[in-house]
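First the structure, in the form of structure tokens, and then the observations on it.
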Amino acid sequence: MAVGDYHLPYTSTPFEGPEKLLEIWFAPSPACVPDAHAPKNGRIGLRNVPKQVWEDMLDIVKCKVLSVIEGEETDAYLLSESSLFVFSHRIILKTCGTTLNLLGLPRILEIAHKFASLPSVYRCFYSRKSFMFPERQLGPHREWKDEVSFLDAIFPNGAAYTVGKVNGDHWLLYLTTPGQYGANGETTPSSPNSFSLSPLQSENGEENEINQTLQNVETDTPFTQDYTIEILMSNLSHKARESFFLAPPVQDAPSESPSVIGRTVSSTIGISDLFPPHLTTLDAYAFDPCGYSSNALLKWGDGIEDGHSGEGYYTIHVTPEEGWSYASFECNVPLSTSSSSSAKNIPDLHTLIRRVVDIFQPGRLSLTLFISNANNNAEEDEGETAVEVAQRTFKSALTAQRPVSCSSGDSVTGDGSEQNDRMLYKRTDKINYQFGGYNLAFASFELR
């Protein structure tokens with residue numbers, strides 16, 4: 001519920017909006033999990049892990065499950081501090097505040113081994129934006145070097161990067177590459193404080209013949225691009241922030257649940273129309289006295305350049321208080337860089353960026369596009385790369401004045417009118433990285 005002219009309350013204790021993002025792949029694809037051909041109730045791999053097991057892991061991280069939506073390929077958990085996404089072959093844990101994200105990692109590895117017969121890690125990614133209040137963090141999250149040391153103690157083949165200005169907005173990334181230990185290039189985690197597993201042993205101690213089978217499956221599986229776009233925004237405008245504060249309660253009026261209020265906010269400000277509603281299952285939550293989180297599962301295929309289809313997600317988290325206002329948007333649906341011709345289609349990258357930015361009206365923002373490539377090396381290819389095209393799209397979406405409508409035909413303000421006076425930005429940083437198997441486009445912008 002928007003507060004209108006109501007004075008926005010001020011909280012004296014700052015909250016750390018920028019999230020810690022941990023993504024662990026236990027296999028290259030769903031087809032490579034051991035029970036891929038023997039689903040239980042249509043579910044395979046990590047999706048067969050009981051909800052209570054994930055909740056116990058989240059107790060270590062210091063957050064709780066608020067709600068969950070189950071899709072055909074993904075389970076999306078909305079948390080008290082951000083989100084958890086469970087796929088058959090990988091898991092994404094995104095947490096904000098002073099949560100202990102990395103302390104959940106050893107338990108996640110145990111869960112994958114015990115409940116899904118996945119004793120090895122194919123790839124691991126950990127990333128975050130620079131903290132606003134690093135002195136408030138706990139455990140290994142106090143400093144980047146401590147986070148790297150924690151991960152290095154588990155993974156023998158990790159690499160850490162700082163992307164952007166060390167004395168300004170920057171993005172931190174730790175990633176592993178497929179090792180040489182298993183048939184699929186898996187890496188066996190080594191954590192003396194938790195467990196030690198052999199990459200060629202199954203849970204019952206027999207030689208793991210599954211790995212050889214999965215190697216053949218991977219060879220026959222066509223390459224599917226891994227794609228993640230993040231838009232990390234701070235210094236949100238007063239107008240944008242006010243929608244995320246609850247209005248004062250009306251005496252004797254029936255109270256609405258946080259989920260109902262969250263859906264109302266989503267519809268009012270245009271979040272529900274970021275993607276075509278008929279392709280979207282949205283789960284939203286409005287916090288008291290302020291704050292907002294949502295997960296959405298998306299069916300995609302139409303409007304995608306490579307012709308593939310599937311189920312993706314987006315997630316949004318908002319900290320609206322003045323002084324540390326922050327909003328994040330993350331999505332793994334591959335977006336075309338060509339203009340979308342129909343409101344029924346998945347939006348192109350330019351359109352989506354503009355829609356998101358028009359909702360939150362940030363004073364500063366960083367964008368990252370992390371995208372896999374088929375040749376699995378860091379060699380330069382001839383011609384323009386996907387990240388170079390993305391950089392041009394970032395710039396054109398944020399520095400050119402051009403109205404963009406939502407899929408419903410209304411502007412993102414939800415009032416049915418087009419905005420001709422767009423907030424325009426200047427680019428302050430542009431960096432492209434090439435890793436083994438992945439490319440990264442990073443750019444920062446600030447209001448003109």
Side-chain angles (χ1 to χ4, degrees), residues 22-54 57 68-77 84-93 104-125 154-155 157 175-189 195 197-228 297 308-313 332 372 374 376 437-438:
L22 176 66
E23 181 169 349
I24 312 164
W25 292 56
F26 293 93
S29 71
C32 295
V33 301
D35 60 347
H37 299 294
K40 299 176 183 177
N41 299 317
R43 304 164 74 87
I44 59 174
L46 296 169
R47 297 191 68 206
N48 280 319
V49 175
K51 179 183 176 184
Q52 184 61 52
V53 173
W54 294 127
M57 179 275 294
V68 60
I69 49 176
E70 299 178 356
E72 295 180 3
E73 302 172 10
T74 314
D75 298 326
Y77 291 78
L84 167 70
F85 293 93
V86 179
F87 306 80
S88 56
H89 65 303
R90 62 179 172 132
I91 183 172
I92 298 172
L93 177 60
L105 174 57
R107 179 60 182 144
I108 291 171
L109 300 179
E110 291 176 342
I111 290 169
H113 182 224
K114 179 178 179 180
F115 290 91
S117 298
L118 293 167
S120 302
V121 172
Y122 181 67
R123 280 187 178 272
C124 179
F125 307 90
I154 296 176
F155 300 109
N157 60 340
L175 75 164
T176 67
T177 54
Q180 303 300 319
Y181 305 97
N184 285 319
E186 309 95 327
T187 297
T188 299
F195 62 93
L197 301 172
S198 166
L200 298 180
Q201 295 284 318
S202 65
E203 192 175 20
N204 61 13
E206 299 176 357
E207 283 203 5
N208 191 354
E209 297 179 358
I210 294 175
N211 275 340
Q212 184 59 53
T213 301
L214 299 185
Q215 184 180 31
N216 296 333
V217 172
E218 183 185 7
T219 302
D220 296 336
T221 301
F223 171 74
T224 301
Q225 192 171 61
D226 183 29
Y227 180 109
T228 304
L297 295 180
H308 290 104
S309 62
E311 182 178 75
Y313 70 86
N332 77 332
S372 62
N376 201 40
Y438 277 83

**Request:** Go through the structure and list residues passing side-chain contact (heavy atoms from CB on, under 4.5 Å) with A76, not counting sequence neighbours.
**Result:** I69, F85, N295, L297
**Message:** Please find the pair of heavy atoms, one from C124 and one from F155, that lie closest to each other, and give the distance.
**Reply:** SG-CE1, 3.6 Å
**Prompt:** Can you name the closest pair of heavy atoms from V33 and S88 and give their distance?
**Reply:** CG1-O, 3.6 Å
**Item:** Contact check, side chains of L46 and H89, non-hydrogen atoms, under 4.5 Å
**Value:** no
**Asked** Taking D35 for the side chain and I44 for the main chain, is one N or O donor matched with an acceptor at less than 3.5 Å?
**Response** no
**Asked** With sequence neighbours excluded, what pairs up with E23 under the side-chain hydrogen bond (donor to acceptor under 3.5 Å, both in side chains) test?
**Response** W25, R90
**Item:** Side-chain heavy atoms of I91 within contact of I108, under 4.5 Å
**Value:** yes
**Asked** Which atoms form the tightest heavy-atom contact between A36 and P30, and what is the distance?
**Response** CB-O, 3.7 Å
**Prompt:** By side-chain hydrogen bond (donor to acceptor under 3.5 Å, both in side chains), which residues pair with T228, not counting sequence neighbours?
**Reply:** none
**Asked** For Y313, does its backbone N or O pair with a side-chain atom of N332 as donor and acceptor, under 3.5 Å?
**Response** yes
**Asked** What distance separates L118 CG from C32 SG, expressed to the nearest 0.5 Å?
**Response** 10.5 Å
**Message:** Distance check, rounded to the nearest 0.5 Å: T177 atom OG1 versus R123 atom CZ?
**Reply:** 6.5 Å
**Check against side-chain contact (heavy atoms from CB on, under 4.5 Å), L105 and L22** = CA-CA 8 Å; L105 174 57; L22 176 66; 4.2 Å; yes
**Message:** For R47, give me all partners under salt bridge (charged side-chain N to carboxylate O under 4.0 Å, His left out), at least two apart in sequence or on another chain.
**Reply:** D75
**Message:** Using modelled atom types and a 3.5 Å cut-off, is there a donor and acceptor pairing between side-chain atoms of T176 and backbone atoms of N157?
**Reply:** no
**Fill in**
Taken to the nearest 0.5 Å, the spacing of S120 OG from F26 CZ works out to 9.5 Å
**Message:** Does any part of the side chain of R107, heavy atoms only, come nearer than 4.5 Å to the side chain of E110, both counted from C-beta?
**Reply:** yes
**Complete:** Scanning both residues in full, the closest heavy-atom pair of E311 with E72 reads OE2-N, 3.0 Å
